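Quick caveat: nothing in here was measured; it's all calculated off a predicted structure. Naming convention: chains lettered A, B, ... in sequence-line order (proteins, then strands); numbering from 1 in each chain.
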Amino acid sequence: MEKSTVFNNRLLPYLLLLPQLVITVVFFYWPASQAIWQSFLREDAFGLVSEFVGLENYQALFAQPEYYQSMLTTVIFSTLVATLSLSIALLFATQADKNLKAGGPYKTLMIWPYAVAPAVAGVLWFFMFQPSLGMLARPLRGMGIDWNPLLNGGHAMTLVVMVSVWKQISYNFLFFLAGLQAIPRSVIEAGAIDGARPMRRFWTIVFPLLSPTTFFLVVVNIVYVFFDTFGIIDAVTGGGPAGATTTMVYKVYADGRLGGDLGGSAAQSVILMIIVIALTAIQFRYVERKVQY
Amino acid sequence: MALRQFGAAATVTVALALATPAHAVTEIQWWHAMTGGNNDIVNKLAEEFNASQSDYKVVPSYKGSYPDTMNAGIAAFRAGNAPHIMQVFEVGTATMMSATGAIKPVYQLMKDAGEPFDPKAYLPTITGYYSTSKGDMLSFPFNSSSMVMWINKDELKKAGIAEIPKTWPEVFDAAKKLKAAGHATCGFSNAWASWAHIEQFSAWHNVPIGTKANGLDGFDTELKFNSPLHVKHLQNLVDLQKDKTYDYGGRTSTNEARFGSGECAIFLTSSGYYATAKGTAKFDFTSAPMPYYPDVAGAPQNSIIGGASLWVMGGKKPEEYKGVAKFFTFLSDTNRQAKLHQESGYLPITKAAYEKSIKDGFYEKNPTLQTPLKELTNKEPTENSRGLRFGNMVQMRDLWSEEIEAALAGKKTAKEALDAAVARGNAMLRTFEKTAK
């Protein structure tokens, strides 16, 4: 018996696909191709002078030690943010999944940070940890810790990681919670009857069943740390001190928007795009095999 | 129901449109970055101008921070939709002036419109920043400030410092005393690191930041602020940072609150901090000229300005330019300038307005507002103190601050940091030079 829908009209499927295709072309392929084209140009901010320079922008970029520094910073930053935000969200989601009395308000509170704009979140945390006035920095200093994200690169990195993680936990939490609630109770109960302790039940039953969710979140989180965190970095540290929190995407923003170097900035965004495409491809090719749907 | 309301509204609109007199009012768009009290002043200026005549209507709109406003203007220009007047902060000057065709030089505008205009009527340290080496004024000075040293008089007294320090060695001394007297986390500090320790520092000591009169005479300029004097100064800061006799205060103004809260009793920042200081400080404070090294011949020279000016965008109709020129004449009026200065705390842009404020006795009541003017007019500006104009200055400031931070954090020596700041800045200048025609 034929189960799939049959379209008698040959045009209809294309017509139905069209809106999606138009959106993809207008909002992805077109800007992406513009970026690639622009990366071969040298242009002033106003677009008055435009000259084809071939790979010069790329050469200039790879001659900068700061660019390699920003790559390293990105690796550290994205690893920390993705790992921490995923594991903390998973912990919270497993707790929320238990039969809590105040489950509703708890969940609402958990989702809140997601509604806060990155720049606002950045400013909020910046003020809490501002070395001499911040309400959380003062006790730190009181304990004898010389907290100073203005000069200490490690402290600044800690701060932007904290804000970025805090912002992303909500999103991860939502998906993890939905994933957990989709797991049938009976399976876990069967494990319990067989004598498996909670931790063992979690790692052998729950976690593998959560793997599609986890995989999806890993991809989303990597895209998040690569592209969505510059607002936070801008508000909290401005890429400093001494470039310690300048990630690749922040450098794109700083060079292009603040510096008016559109060609160099476009070259960077092309490289960034290639990296993310590669990462996503690797994830789907190799990591997805371990996912059980 | 909703539709009927819409219909009614449309009818009213049409009726209003028909009722307008035959001669059309020329609208002049003015994009700016002024917030709070200064936003009110901008709106009031536009209202007064609009009420003063019936041919033109100035429409101010707030477009966000200085960089935001500038970016909005550039984006609008690229889309063929630029405003007539755009407020651009001083570090955007090189970008604006290199955009031949995108802008209409103010001296040209005034000449074309036949408006009376004498560049000599304006304070030379202000116009120097916005003029070509021939003295042609490219943009119209609007809100200018300079860097001053804010002093918490109460705390200085408590620490047994009888006089406000004048030189850097005296500041270091005072900071040590302040630290001993309880200011454990901050003897002195500053906002705007590169503005304080590179840009203003160089002008104030009459040493070049770069060649070609700090870039004013052309874009083929090279940075020079890694001189022994600059290295010595940064090294002093590095040494004092170790025990927080000096405590770094960041690239922007976010740390200004450390002065208001009483944590730092000596603080270098913009004279535009006046209104905030007045609102927050619960102690007796004043402003003093920036410190200098007494062993440097000729120091102190004169300071340079911060703040913003008004740029006129290119490609507009002559009729519109006429309106812009009339508006600038309106702004230059001595009484209006003096009032603007006294209300906003920004500097008067004309000599006459400054003299009027002196005559009015304004500074006897508000000596803090005279400090930046005394600094700016301290001596005739030289090649090194006329101003500066470097391409990509917004980003370059960040880069310079980055290197200062590296030195203060002990990652580089003062010399290494300044050498790197110069080398990286030069690379950026070369890129800019290629696009600037």
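- Heavy-atom distances place the side chain of Phe77(B), and not its backbone, under 4.5 Å from chain A.
- The shortest distance between side-chain heavy atoms of Leu150(A) and Asp247(B) does not fall below 4.5 Å.
- Annotation for Phe27(A): atom CZ does not count as buried by contact number, only 12 or fewer foreign heavy atoms lying within 6.0 Å.
- Around CZ of Phe432(B), the count of heavy atoms belonging to other residues, nucleotides or ligands within 6.0 Å exceeds 12.
- For chain B, no part of Phe127(A) is nearby; none of its heavy atoms comes within less than 4.5 Å.
- For a residue to count as touching a neighbouring chain, one of its non-hydrogen atoms must lie under 4.5 Å from one of that chain's; by this rule Thr95(B) touches chain A with backbone and side chain alike.
- Of the listed residues Asn255(B), Asp398(B), Thr185(B), the one with more heavy-atom pairs under 4.5 angstrom with chain A than any other is Asn255(B).
- For the pair Met96(B) and Phe46(A), the tightest heavy-atom approach, listed with the atom from each and the gap, is SD-CZ, 3.6 Å.
- For Tyr29(A), the OH atom is loosely surrounded, since the number of other residues' heavy atoms within 6.0 Å does not exceed 12.
- Distance check, rounded to the nearest 0.5 Å: OG1 of Thr431(B) to CZ of Arg42(A) gives 7.5 Å.
- With contacts defined as side-chain heavy-atom distances shorter than 4.5 Å, the pair Asp146(A)/Lys244(B) qualifies.
- When heavy atoms are compared at a cutoff of 4.5 Å, Leu41(A) does not approach chain B at all.
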Trace of the salt bridge (Lys or Arg N to Asp or Glu O under 4.0 Å) decision for Arg424(B) with Glu66(A): CA-CA 10 Å; Arg424(B) 288 174 68 190; Glu66(A) 293 79 29; 3.1 Å; yes

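- Here the NZ-CG distance, from Lys411(B) to Leu151(A), works out to 9.5 Å after rounding to the nearest 0.5 Å.
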